[in-house]
Amino acid sequence: MAENGLLELNGSVEHVVYHNDKNQYTVLEMAAGDERVTVVGAFPFVSEGEELQVYGVWDTHPSFGQQFKAQAFQRARPATAAAMLKYLASGAVKGVGPATARRIVDTFGEKALEVIEQDPGRLAQVKGITKEKAQAISEELKRVYGIRELMAYLGAYGVRPEEAVLVWKQFGEGSLSCIQEDPYQLCGEGMGISFAIADGIAESMEMPRDDLGRVQAGVLYVLRHNLDNGHTCLPWDKLCEVAAQMLGVELGSAQDAVYTLCQGFQTRCENFDGRDFIFLERQHLSEGYICARMQAMLRMPPEVLSGAQAQIGAIEQHKGIRYAEKQKEAIRAAMEQGILILTGGPGTGKTTTLNAIIHILKLCGEKVLLAAPTGRAAKRMSELTGEEAKTIHRMLQVDWDEFDNPVFTRNERNPLDCDCLVVDELSMVDAYVFESLLRALPLSCRLVLVGDSDQLPSVGAGDVLGDLIASGLFPTVQLKEIFRQSMESLIVTSAHRIVEGKLPELRRRDSDFFFMPQEDPAEAARLIVSLCAQRLPKSYGYSSVSDIQVLCPGRKGDLGTVELNKLLREAINPPRKGKAEARINGQLFRLGDKVMQVRNDYNLPWTREDGTAGEGVFNGDMGVITEIDKPGAAIRVQIDDKEVLYDFDHAASELEPAYAVTVHKSQGNEFTAVVIPVLDPPRQLCYRNLLYTGVTRAKQLLILVGRRSTIAAMIENDRKTRRYTGLARFLARDEGAVGDPAGG
């Protein structure tokens, strides 16, 4: 019996039945004494002929019988000539096939691997191996063993095999010495390994807590962590306080670390109104470029398209409509000034105005491209305009650099082919993506930016729409008038009342907006489940999965997404005999589950029914599990018209149940029916534009469940989501304006 109650199994690998390169899940047959045993688990770079010491438990698979489920293992190099032959003949070392393996082992016997690794020149004695090929074989064997050694070392600290491969790509044969010299390189830009893991390695090396390298790494971690909170920069004083507290060091140590990082250009310092703000280099570049390019577009606008009034009149006569003055102002700005920011809430005619702009520009011979941040937003844009719209990532054509980091192939050297670019849902677009869009714009291209400034800002870092408007430099038209046909929707009128700081009509029972009072969280949860699983499907014919969406202010609590997803899954998609499910790292996935992608993954492959294929699934994409393949350790998900295959590890880290999602994650989506709990949201999530964003996600039906007083409190709290950004201040700097970059 091994440690921790695990059994120990020793033997040699006879046959690798299945291996998944992404998550290293492997099914192999192992000779253990006189028995041939099936072993399953994560075995990176395993090859036939290797000697393994495996720790795990016996299990009986319903289809494949008895298996040994490995939880840990150690390996030894093949020791006998027979084992070495099997190992080399398996293809474990690139450039060595079965025939070459036989000749090498016949020549060197049990010293074959030692010769390859330490004295490759002798390999040239073997028929068919030149000196150049001998050197290549030796380097390949060192690489294989080097990666294995690295995986074993990092695996002890919780680093996954695929993360270890990225480390090897970055540092090569010197990976281990690089890590031991400075473990905090692991949590650097693009590495993706947590600060906690790097700190654990440093602690095992007895590195002092106030070591300058450790404190610098902690400061950079705080800055990167706050990108997830939307901040492109942090005030010097706040950054130092937070870093010192997290690292358990004196404030002076954190201040010294920030100073040296700025001196070494790893961070940038900008002074706004006498207060220093610290940026990571990437974010400083993004917001600085946006500022410079947008100001250049003001100085060098495209050619003025004359005859706006006549074109507007012709459309009005042809379609029998009358544009409001603000709509006409927007159309003229797009034609005459080259930049337009068009904002407005639901029912104010944004789409009608945008359609007129597109129509007139095309009549003038301009090529117009349409883009939106998410697949659903692009699809809706296409439906409303009758023109093809693409996601921003698809339009900019994602590729990968040597370290598998995503880069856009559309840029200054390969610009988009258009005379005008229209971007919808700009409130969702973060600073890095907007910078990338501007880099791909041809010179003198028109830019029409459409969004709702009262919605939540982007999930990614920055507040592009808010900062552009706040600068006051760009032609901006805000549509406020609600058109008559939209006045019939209580969803629309309620959304506008919320923006104005007024309580919606909560007593109506004859429209598309309902309030259902509840005081007890458990009762409110039961009511929400009943609405989604039985009442709304029965009364309206809605699908519980594709039509109805629960939107929560936050993740925690009885009415947060975590608890509600458990209840909703059991009511909408209960277990039954024969329905596949898998529990991965404590998370349950069931066939038919509604799920959401929770981070951008540019490498995930997808296919469509028509045979087209591509890569990239993005934060906020929603779909349904259509297959769970346990032997293959894979989950298949249908996301809109794309079929995406996840291995188990990626599913556990990138997918979450989506019967209930946060309002933040719902941005860019619209749902036929929306149910929002408004009982006791966390204080920091009790504010107006969060409620407004949730309400405006509903197309046909909206139900609020909770307290009237909570709704009133959210509406009364008009604080915008506080973000520290630099764009507005960069834009205003030349104008002599002053102010806090977080809007405070």
Side-chain angles (χ1 to χ4, degrees), residues 230 232-233 268 270 272 277 279 282-304 329-330 332-343 357 361 366 368-373 392 395-396 408 410-412 415-416 418-453 457-458 460-478 723-739 741-743:
T232 60
C233 58
R268 294 298 188 102
E270 292 284 351
F272 302 129
F277 288 80
F279 294 74
R282 171 71 262 179
Q283 279 60 49
H284 188 269
L285 175 64
S286 287
E287 293 195 307
Y289 180 86
I290 292 168
C291 172
R293 180 64 195 270
M294 293 295 286
Q295 287 179 331
M297 291 173 72
L298 287 176
R299 291 193 298 270
M300 297 177 288
E303 179 185 353
V304 173
E329 180 186 337
R332 287 193 296 269
M335 294 178 64
E336 297 170 1
Q337 300 189 57
I339 296 177
L340 168 66
I341 300 174
L342 178 64
T343 73
I357 291 170
L361 290 177
E366 303 239 314
V368 183
L369 295 183
L370 278 61
I392 294 171
M395 180 173 285
L396 295 181
F408 294 115
R410 290 289 190 174
N411 50 40
E412 300 97 328
L416 296 167
C418 63
D419 302 299
C420 176
L421 177 64
V422 180
V423 184
D424 198 11
E425 297 282 4
L426 188 69
S427 63
M428 293 183 62
V429 178
D430 62 42
Y432 171 69
V433 171
F434 192 64
E435 174 212 347
S436 302
L437 264 178
L438 292 180
R439 288 186 182 279
L441 275 192
L443 294 174
S444 299
C445 181
R446 298 179 199 281
L447 184 60
V448 177
L449 306 172
V450 186
D452 187 342
S453 56
S458 59
D463 185 11
V464 173
L465 178 60
D467 284 350
L468 291 178
I469 294 173
S471 74
L473 297 177
F474 307 100
T476 301
V477 177
Q478 183 175 14
R723 291 195 166 187
Y724 291 110
T725 66
L727 179 56
R729 300 286 70 80
F730 287 145
L731 287 165
R733 183 176 280 169
D734 293 341
E735 303 294 315
V738 294

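What you see is a predicted model, and the numbers here were worked out from it, not measured in a lab.
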(message) Could you walk me through whether F434 and L449 satisfy the side-chain contact (heavy atoms from CB on, under 4.5 Å) test, starting with their C-alpha distance in whole Å, then the side-chain angles of each, then the deciding distance to 0.1 Å, before giving a yes or no?
(response) CA-CA 11 Å; F434 192 64; L449 306 172; 3.9 Å; yes
To check you understand the geometry: which heavy-atom pair defines the closest contact between [X] and [Y], and what is its length?
X    : Y    : answer
D424 : P373 : O-CD, 3.2 Å
C418 : P442 : O-CG, 3.5 Å
R733 : E270 : NH2-OE1, 2.9 Å
V464 : L426 : CG1-CD2, 4.5 Å
A431 : I290 : O-CD1, 3.5 Å
R293 : L438 : NH1-O, 2.6 Å

(request) Begin from the C-alpha positions of D452 and S427 and carry the test side-chain contact (heavy atoms from CB on, under 4.5 Å) through to its verdict. (result) CA-CA 7 Å; D452 187 342; S427 63; 5.5 Å; no
Flag the pair [X] / [Y] as yes when at least one side-chain heavy-atom distance between them is below 4.5 Å, and no otherwise.
X    : Y    : result
L441 : P415 : no
R723 : S458 : yes
C420 : V368 : yes
L437 : L396 : yes
M395 : L421 : yes
L468 : L731 : yes

(request) Quick one: do I357 and L340 satisfy side-chain contact (heavy atoms from CB on, under 4.5 Å)? Show the steps, please. (result) CA-CA 11 Å; I357 291 170; L340 168 66; 3.7 Å; yes
(message) Run the side-chain contact (heavy atoms from CB on, under 4.5 Å) test on L298 and I339 for me, step by step, so that the C-alpha distance in whole Å, both residues' side-chain angles and the decisive distance to 0.1 Å come before the verdict.
(response) CA-CA 8 Å; L298 287 176; I339 296 177; 4.2 Å; yes
Gap between atom [atom2] of [Y] and atom [atom1] of [X] - 0.5 Å precision:
X    : Y    : atom1 : atom2 : value
C445 : M297 : SG    : CE    : 6.5 Å
S286 : Y432 : OG    : OH    : 7.5 Å
D419 : E303 : CG    : CD    : 10.5 Å

(message) Any carboxylate oxygen within less than 4.0 angstrom of a Lys/Arg side-chain nitrogen, looking at E287 and R268?
(response) no
(message) I'd like to know whether CD of E412 has more than 12 heavy-atom contacts from other residues, nucleotides or ligands below 6.0 angstrom.
(response) yes
(request) Would you tell me whether D463 and T725 have side-chain atoms, one donor and one acceptor, within less than 3.5 Å of each other? (result) no
(message) Between Q283 and T232, is there a side-chain donor-acceptor contact under 3.5 Å, judged purely by atom types and distance?
(response) no
(request) Measure from NZ or CZ of R439 to the centre of the six-membered ring of F408, then state whether that distance is under 6.0 Å and the direction lies within 45° of the axis. (result) no
(request) Give the intermediate values and the outcome of ring pair (Phe, Tyr, Trp, His ring centres under 6.0 Å) for residues F272 and F730. (result) CA-CA 9 Å; F272 302 129; F730 287 145; 5.8 Å; yes
